[in-house]
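What follows is a short report on a single structure.
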Amino acid sequence: MKIIFFGSSHFAVLSLQALIESKHEVACVVTQPDKQKGRHLHFTGTDLKDTALQAKLKIFQPEDINSKESLKFLKNLEADLFVIIAYGQILSQEVLDIPKIMPINIHASLLPRYRGAAPINWAIINGEKKSGITIIYVTPKLDSGPVILQEEVKIEDKDTAVSLEEKLSRSGARLLEQALVKIDNRDYRLIDQDEAKVIFAPKMKKEVGLIDWNASAADIHNQIRGVLPWPGAFTGLRGKILKIFQAEILSIFPNHRPVPGEVVRADKAGIVAACGRGFLKINELQLEAGKRMSAQNFIIGHKLFPGDILGKK
RNA sequence: CGCGGGGUGGAGCAGCCUGGUAGCUCGCAAGGCUCAUAACCUUGAGGUCAUGCGUUCAAAUCGCAUCCCCGCAA
């Protein structure tokens, strides 16, 4: 089959590689235009673009995928199948009508749960024990098309959004190969999603990373794991931003009545902060302008004492 | 030229504003105490204060330039 691949994020890389190694032809890779990124706002391509460049594939980076020019370009390729993975733009019905067989999408959740741009992050933030990969027939309404294939992936307590993305990315590439076989043989069924079970997973925003110390230790722990690699969980310490990368839950800690956010311990044994319910032992953190480091190292060089309150400006 | 913070013995930091013997916590080495310890005491090794140029009698400290790192913003 002749395939056009749509994708922009790191998540799509393994699937593209799987396609490149398959018997099918990748006629073109469509990805987001280069954007100014980083400290000095240099123009950088997407992770996926690098992979496509290495494989010497044709690359298309339209500002607007639904424009007349884009439409014309895509039609001329006469593709059989569109494979869309974390592309970043919503395709119009006109675009979706182009492939001879169908457009498919690989989504990193068990649809209809977690429709939207950040399914991996939200699954962890909400404390889910499992997530998965769903391959759907694409319709214009975001992540709403009928399901072709689905596979569950367990979420371990130690998983973060980063590690889960790795797992799901591998799973997605594997499932894509299966889906291609089924589609090639016309051996598949389309199963409609149950609209009653829909949950949305909107794009990550900066605010999602702000820690509310009134929440329970379990919730904050999920948040810390879920908002990586961006925006990262953060709080305040004497006017500076303090990022927390890794922590663990302590249900009990001997103390008077701490206020949420209060540091109840800060010594070689670790840093422990009080939450609305339970306590959080902070293991890896980073102060603004500083390096990311272990709690032990942080304690050695920074002034942090029991009684300090996190989150106050 | 988007905004801001930082680079000081092996680790993490203070000192810089208000130039004048390089300091703290930890680690490391040796010794001591202890049934014992992430315990405690003693002693010790280890630093071109990122790099270059400049100002000065004198620069970690003031000025200019370069390199590297980080936070914000996207």
Side-chain angles (χ1 to χ4, degrees), chain A residues 7-13 30-50 61-65 86-90 116-118 120-122 160-162 165 201-213 220 223-248 250 252-255 261 263-273 279-313:
Chain A
S8 296
S9 82
H10 178 72
F11 180 71
V13 170
V30 183
T31 190
Q32 293 277 43
D34 292 358
K35 284 179 182 168
Q36 290 182 311
K37 278 183 178 175
R39 225 151 252 128
H40 301 289
L41 301 186
H42 293 309
F43 279 91
T44 323
T46 60
D47 285 347
L48 198 86
K49 189 180 176 183
D50 297 337
Q61 298 180 281
E63 277 296 334
D64 179 4
I65 191 64
Y87 169 56
Q89 292 192 43
I90 296 176
I120 301 171
N121 300 289
W122 285 108
T160 66
V162 175
E165 178 177 325
K203 202 164 124 185
M204 279 290 105
K205 285 185 189 169
K206 172 80 177 160
E207 305 90 81
V208 183
L210 178 62
I211 294 173
D212 173 11
W213 290 102
I220 296 174
Q223 179 187 17
I224 291 168
R225 299 186 299 139
V227 296
L228 295 171
W230 189 89
F234 61 91
T235 185
L237 177 63
R238 286 191 286 274
K240 285 193 170 182
I241 293 171
L242 182 72
K243 284 193 152 194
I244 298 178
F245 292 98
Q246 210 261 314
E248 59 193 278
L250 297 183
I252 316 167
F253 192 88
N255 191 254
V263 176
V264 294
R265 162 177 237 164
D267 54 37
K268 275 184 280 183
I271 301 172
V272 177
F279 297 83
L280 215 53
K281 180 163 175 276
I282 301 168
N283 293 325
E284 199 177 359
L285 66 171
Q286 176 177 39
L287 191 62
E288 183 178 331
K291 278 186 188 168
R292 176 172 175 167
M293 67 184 80
S294 68
Q296 285 74 20
N297 276 340
F298 189 90
I299 283 298
I300 285 167
H302 294 83
K303 291 167 189 161
L304 183 67
F305 305 103
D308 283 340
I309 309 291
L310 296 176
K312 282 199 170 178
K313 287 195 173 177

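Every value quoted in this text rests on a predicted model; they were computed, and no experiment measured them. Here is the naming used below: chain letters follow the sequence lines, and residue numbers restart at 1 for every chain.
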Whole Å only: how far is the [atom1] atom of [X] from the [atom2] atom of [N]?
| X | N | atom1 | atom2 | result |
| --- | --- | --- | --- | --- |
| A/R238 | B/A14 | CZ | C1' | 13 Å |
| A/I271 | B/U25 | CD1 | P | 19 Å |
| A/E284 | B/A11 | CD | C1' | 15 Å |
| A/M293 | B/C13 | CE | C1' | 9 Å |
| A/I300 | B/C24 | CD1 | P | 15 Å |
| A/F298 | B/G12 | CZ | C1' | 10 Å |

[N] versus [M] - spacing of their [atom1] atoms, nearest Å:
| N | M | atom1 | result |
| --- | --- | --- | --- |
| B/C57 | B/C62 | C1' | 16 Å |
| B/G5 | B/U48 | P | 29 Å |
| B/C41 | B/U34 | C1' | 12 Å |
| B/G15 | B/C49 | C1' | 10 Å |
| B/A30 | B/A22 | C1' | 25 Å |
| B/G71 | B/G32 | P | 48 Å |
| B/U43 | B/G23 | P | 15 Å |
| B/A58 | B/G12 | P | 34 Å |

Identify all side-chain donor-acceptor contacts of residues 223-234 of chain A below 3.5 Å with residues at least two apart in sequence or on another chain.
residue	atom	partner	partner atom	Å
A/Q223	NE2	A/V208	O	2.7
A/Q223	NE2	A/L210	O	3.0
A/R225	NH1	A/E156	O	3.3
A/R225	NH1	A/D157	O	2.8
A/R225	NH1	A/D159	O	2.9
A/R225	NH2	A/N222	OD1	2.7

Pick out the pairs of N or O atoms, protein on one side and nucleotides 71-74 of chain B on the other, that lie under 3.5 Å.
residue	atom	partner	partner atom	Å
B/G71	OP1	A/Q286	OE1	3.3
B/G71	OP2	A/R39	NH2	3.3
B/G71	N7	A/R39	NE	3.3
B/G71	N7	A/R39	NH2	3.3
B/C72	OP1	A/K206	NZ	3.3
B/A73	N1	A/G38	O	3.4
B/A74	N6	A/W230	NE1	3.4

Watson-Crick/G-U partner (both atom distances under 3.5 Å) of [N]:
| N | value |
| --- | --- |
| B/G2 | B/C72 |
| B/G20 | B/C57 |
| B/U51 | B/A65 |
| B/A39 | none |
| B/G10 | B/C26 |

Candidate pair A/L237 and A/H302, rule side chain to side chain contact (heavy atoms under 4.5 Å, CB included), full reasoning: CA-CA 11 Å; A/L237 177 63; A/H302 294 83; over 6 Å; no
Shortest non-hydrogen contact between A/I220 and A/D212, atoms and distance: CD1-O, 3.4 Å
Heavy-atom closest contact (A/P306 atom, A/R265 atom, distance): CG-CA, 4.2 Å
Residue-phosphate contact under 4.0 Å: A/K291 side-chain N/O, B/G6 OP1/OP2: no
B/G12 phosphate, OP1 or OP2, under 4.0 Å from A/H302 side-chain N/O: no
A/Q32 and A/Q61 side chains, donor-acceptor separation under 3.5 Å: no
Test side chain to side chain contact (heavy atoms under 4.5 Å, CB included) applied to A/N297 and A/L285, step by step: CA-CA 10 Å; A/N297 276 340; A/L285 66 171; over 6 Å; no
5' priority, RNA chain B, between A/K240 and A/R292 [closest heavy atom]: A/K240
Test side chain to side chain contact (heavy atoms under 4.5 Å, CB included) applied to A/K303 and A/R238, step by step: CA-CA 10 Å; A/K303 291 167 189 161; A/R238 286 191 286 274; 4.0 Å; yes
Derivation and outcome, side chain to side chain contact (heavy atoms under 4.5 Å, CB included), residues A/D64 and A/Q89: CA-CA 8 Å; A/D64 179 4; A/Q89 292 192 43; 4.2 Å; yes
